[in-house]
Amino acid sequence: MKISPLYHQNETVVLLLAGGVGSRLNVLVQTRAKPAVPFGGLYRIIDFSLSNVMNSGLDQVGVLTQYKPLSLMRHIGAGEAWDFTGRSREVKILPPRTGASDSDWYKGTADAVRQNIDFLKGHPSRQVVILSGDHIYRMDLEKMIDCHQQKKADVTVAMMEVPLDQIHQFGTGITDDEGRIVEWEEKPEKPRTNLASMGIYVFDTEYLLAALAHNRLEIDFGKHIIPRAIKQDNVFAYPFNGYWRDVGTIQALWEANMDIIRPGSGISPQEWGIRSNSETDKRIADRCPARFGPECRVIGSAISAGCRIDGEVINSVLSPGVEVKAGASVRDSIIFPDCVVEQNAIVDLAILDKKVRVGAGAVIGSGEDRQTANHLYPTHLYTGISLIGKEAVVGAGCVLGRNCVLQPLSLLADGQIVRSGETV
Amino acid sequence: MDLLGVDPAIKIEDWGIRTNLEHRAIRDYQPLQTGPNAAIKDSLVYNGCVIEGVVEHSILFPGVKVGCGAVVQDSILFFDNVVGENVCVSKTISDVNVTFGEGCRVGWPAGADDLPTVIGWSNVIPPATSIGRNCTIYPRLDPARLTGKIKNGEVVK
């Protein structure tokens, strides 16, 4: 095809998959999609993927959403925060569309891309990068694309070594000396390799379009498209070494937040050039410096602008606008924007969603019983972390044990007791 | 200093003052971080600061680093000041991009007229330098001119 000089062909189009339900994040995803969950004080999870795209010099981005997309759409806006606006740059939200014959929801990662073939056709490109919007990492995608082109691959899959006891959660590949993937096992029970797929793919655009057209029942990249491509075509691994975390569980989310304040953990959003959209949510960016009172104690923590600390904060990550009043203590916790911890209250090993109020003298995380998992969600909360939903109010003098869940907007009357493992 | 205290005269949180967050990429700093031995009292500290030492009754602009064993008191440190280990900074206003080498003492001892010491922008103060109170250090000086002991009230141009 001859390309006219007025016709702008992009080298690379990016599709960011942000449609997963993420139900293991429990009350944190009751009103928002997983990629929109706050992370590291000032960021949302998707900021890491979006910033990687920006820092790799790519500027044609489609974000595939479906589940509770409003806060995500508000956050991405027109993409100014990541310089995705302008006549030749774009970030476009791609929600599922109801068709005449298809049911509307995305059935899998490949199905989601298939439903947006028109976006790919409307943005002609040489290759398509497919990423997930819920990982915390930094990667130069341009290098991966270079590797893809040098190997003359049809598909390149970013892969990293993970501990053998975790490999059952991933797609795994066995490579030959040249980096070609010769065998593939999705979530194997008995691992034969420690090389795991990070869910980051570079496809030749023509190849991707043909692969998606092959069989509409192939709805997932890891389960269907990639294994068939390995059997029939040229699939290479792109090796990645560095910090990478899937924060799809409460435990993983908590640990990755703690990495922000742990020296030498390898994560540094500022050095990585991670940007967020600080304009949404009541203009977070315009907050004053954090104010530290005369009697406060703040150790090993990350504190955002607009916080007011008169009590004690140890080993915790605080989003903007959090107040910790005199005599109160926050330890090993993650506090989302605009929470208030009143005088002499204790928050120990908890995640507080936005605008939670902890009344005077209340205790969240009482006692040492970290073993009693949450009765309703034993696979979500089992290490002692308690979850307090958005805008919940914990009355003065309340005592919550560990592994507790407070639903959003719930109201605990003064002095109420919630035992370890209970959900309100 | 009217910004500080329990009931500050300038209630900055209530006044709705805005700045240009594109300036010096203020927007892109991460939350401030405090190390295991940090102590911050009666101060305003913005995102991007990394506090390993002691900060008392001071105002720290974005990106200021205070090393282990360092003490900053009654001072105003502009953007991206770096206070090395075991430095003491007292009653000092320091403009942007000033580095205080390890073991410096600036703004000590308290003097007769007791005005603040002012450090111009982009100075690198060599380790173990002693700068008194009510001193004026002009911007971007050759670090060689800032060694040894600079007495209270001296001006270095």
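Because only heavy atoms are used, hydrogens play no part in the values below, and waters and symmetry mates are left out as well, while side chains stay in.
- The distance from atom CD1 of Ile261(A) to atom CD of Gln33(B), rounded to the nearest 0.5 Å, is 8.0 Å.
- Proximity of a side-chain donor or acceptor of Asp28(B) to a complementary backbone N or O of Arg275(A) within less than 3.5 Å is not detected.
- With a 4.5 Å cut-off on non-hydrogen atoms, Ile260(A) touches chain B through its backbone and its side chain both.
- Here the shortest heavy-atom pairing between Tyr29(B) and Leu42(A) reads O-CD1, 3.2 Å.
- Annotation for Tyr46(B) and Pro289(A): closest pair CD1-CA, 3.5 Å, computed over non-hydrogen atoms.
- Using a 4.5 Å cut-off between heavy atoms, Ser268(A) contacts chain B through both its backbone and its side chain.
- From Arg297(A), atom CZ reaches atom OG1 of Thr34(B) across 10.5 Å, with rounding to the nearest 0.5 Å.
- For a residue to count as touching a neighbouring chain, one of its non-hydrogen atoms must lie under 4.5 Å from one of that chain's; by this rule Arg291(A) touches chain B with backbone and side chain alike.
- The most heavy-atom pairs under 4.5 Å with chain A, out of Glu52(B), Gln30(B), Glu13(B), come from Gln30(B).
- Within a 6.0 Å radius of CD in Glu295(A), no more than 12 heavy atoms belonging to other residues, nucleotides or ligands are found.
- Between Pro31(B) and Tyr43(A), the closest side-chain pair of non-hydrogen atoms falls below 4.5 Å.
- The CD1 atom of Ile51(B) sits 12.5 Å away from atom OG of Ser301(A), with the distance rounded to the nearest 0.5 Å.
- Within 6.0 Å of NZ on Lys151(B) lie no more than 12 heavy atoms contributed by other residues, nucleotides or ligands.
- For the atom pair Leu32(B) CG and Ser304(A) OG, the distance stands at 7.5 Å (nearest 0.5 Å).
- One distance of note links CD1 of Ile40(B) with CD1 of Ile309(A); it measures 9.0 Å at 0.5 Å rounding.
- Without hydrogens or angle criteria, Lys41(B) side chain to Gly293(A) main chain gives no donor-acceptor distance under 3.5 Å.
- Ranked by non-hydrogen atom pairs under 4.5 Å with chain B, the options Val298(A), Leu318(A), Val313(A) are led by Val298(A).
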